[in-house]
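Structure first, commentary second.
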There are 2 protein chains.
Amino acid sequence: MKLTETHRHALQDILQWRRDVRHFLTDPIPAETLERLRAAMALAPSVGNARPWRVLQVTTPALRQAVIANFEAANKDAGTIYTGEKRTAYNALKLAGLRDAPVHLAVFTEETPDEGHGLGRQTMPEMLRYSTVAAIHTLWLAARAENLGLGWVSILDPGGVERILDVPDSWTLTGYLCLGKAKFDDDTPLLAQKKWQKNTPTTWQDI
Amino acid sequence: MKLTETHRHALQDILQWRRDVRHFLTDPIPAETLERLRAAMALAPSVGNARPWRVLQVTTPALRQAVIANFEAANKDAGTIYTGEKRTAYNALKLAGLRDAPVHLAVFTEETPDEGHGLGRQTMPEMLRYSTVAAIHTLWLAARAENLGLGWVSILDPGGVERILDVPDSWTLTGYLCLGKAKFDDDTPLLAQKKWQKNTPTTWQDI
């Protein structure tokens with residue numbers, strides 16, 4: 001299929017207005033929207049066509065609460081590496097929207113799938129996890145195109161989350177995601193707005 | 001910005017017609033197109049807004065040849081895990097377009113960036129590499145929207161590529177990419193067409 005300027009400009013808008021969202025409205029997400037997001041995620045690239053991502057939608061209140069406690073402990077520990085103004089700045093950042101987001105998705109990688117028959121991952125076994133990351137990013141863009149926000153919570157003890165959700169031994173946590181309507185829209189990363197880290201130049205160098 | 005059905009359908013087309021391309025035309029890619037791809041890649045999410053990806057465009061023939069030799073050795077080794085029909089099938093697959101693709105991009109992760117000040121990666125340090133993967137996937141989709149194909153070559157000894165390209169010790173290889181015009185278009189993965197691995201169902205499970 002020959003793609004057009006319309007495709008290019010649409011992708012540009014989606015990329016430019018995608019944010020890591022931590023401020024959510026509590027409005028529920030319709031099941032048919034979630035199904036469209038699942039189907040979009042299934043179009044992600046994967047090594048050996050193995051599709052190693054395993055997605056749990058965490059709805060049980062006690063499980064969500066246990067994940068929130070895991071985040072809060074990890075975030076408290078994380079704050080201790082900073083001193084002075086940087087510590088004050090860290091503590092003032094809102095780094096997760098776990099309490100308000102209507103949808104929690106725990107995304108794991110099956111580390112020993114039969115699918116793919118080992119192709120493409122003998123010298124770089126991390127390609128399975130990288131496939132899951134590409135699937136998460138696909139979901140992120142598809143959500144933004146539905147005017148939904150996604151936040152990736154990485155301030156977690158992943159082993160703890162695996163135990164809370166009692167997943168098979170061959171699954172490892174790749175990303176814990178919050179999904180819902182964002183409270184506000186922006187085309188600049190929140191960490192740049194809050195002066196934690198500005199956008200630095202990215203260059204390609206010839207060799 | 002409120003996105004529309006046009007955005008959603010455009011993204012759907014891009015996702016559906018994105019392939020891992022191994023069959024390239026040798027036509028060069030204009031510099032202004034590469035610059036648009038670099039700018040699109042800079043819109044990828046990154047942990048702590050650290051933007052840890054470092055991109056080398058490999059143009060020197062001897063360096064490209066050394067990477068090809070690295071791939072060929074790794075691919076020969078990889079084939080030895082299969083027996084019988086599966087080995088014949090493996091050997092018949094074309095798994096990289098390194099000889100024809102006009103552009104080779106070696107994408108590394110800076111594992112110790114100052115940027116981001118450590119935010120979001122204390123319990124999951126792999127988030128830096130995952131940020132680079134999201135950037136590669138962003139590039140992939142942006143390339144498809146320009147009617148260009150990208151192939152991710154993971155059958156490589158990554159340490160060997162780091163030595164060939166003589167990168168800083170703090171850089172690790174995340175992906176080696178071929179970029180160019182694809183010889184043909186498809187909305188089905190080549191490994192599914194070639195009956196190596198069909199598309200398996202992906203489900204979301206409530207917990």
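Naming: A, B, ... by sequence-line order, numbering from 1 per chain. Keep in mind that the numbers below use all heavy atoms, side chains included, and drop hydrogens, waters and symmetry copies.
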For [X], is it the side chain, the backbone, both or neither that has a heavy atom under 4.5 Å from a heavy atom of chain A?
X: Leu37(B); result: both
X: Asn199(B); result: both
X: Leu165(B); result: both
X: Arg8(B); result: both

Using non-hydrogen atoms and a 4.5 Å limit, figure out which bit of [X] sits close to chain B: side chain, backbone, both or neither.
X: Val47(A); result: side chain
X: Leu15(A); result: both
X: Asn147(A); result: side chain
X: Arg36(A); result: side chain
X: Pro45(A); result: both
X: Trp196(A); result: both
X: Ala44(A); result: backbone
X: Arg18(A); result: side chain
X: Leu190(A); result: neither
X: Ile155(A); result: both
X: Lys198(A); result: backbone
X: Leu34(A); result: both
X: Met1(A); result: both
X: Glu115(A); result: both

Exercise. May I ask you to check whether over 12 heavy atoms, not counting those of Lys94(A), lie within 6.0 Å of atom NZ?
Key: yes
Please determine, by modelled atom types, if [X] and [Y] share a side-chain donor-acceptor pair under 3.5 angstrom.
X: Thr112(B); Y: Glu110(B); result: yes
X: Gln122(A); Y: Asp77(B); result: no
X: Arg121(B); Y: Ser154(A); result: no
X: Glu111(B); Y: Thr172(B); result: yes
X: Thr174(A); Y: Thr132(A); result: no

For chain B, which of [options] has the most heavy-atom pairs under 4.5 Å?
options: Glu35(A), Lys86(A), Arg54(A), His104(A); value: Lys86(A)
options: Thr4(A), Thr203(A), Thr200(A), Asp20(A); value: Thr200(A)
options: Arg51(A), Lys2(A), Gln12(A), Met124(A); value: Arg51(A)
options: Ile81(A), Val153(A), Leu63(A), Asp186(A); value: Ile81(A)

Closest-packed option against chain A by number of heavy-atom pairs under 4.5 Å, given [options]:
options: Thr138(B), Leu173(B), Leu11(B), Asn49(B); answer: Asn49(B)
options: Asp185(B), Asp157(B), Leu105(B), Leu119(B); answer: Leu119(B)
options: Ala10(B), Ser46(B), Ala135(B); answer: Ala10(B)

Quiz prompt | Any donor-acceptor pair under 3.5 Å from Arg144(A) side chain to Trp17(A) backbone | solution = yes
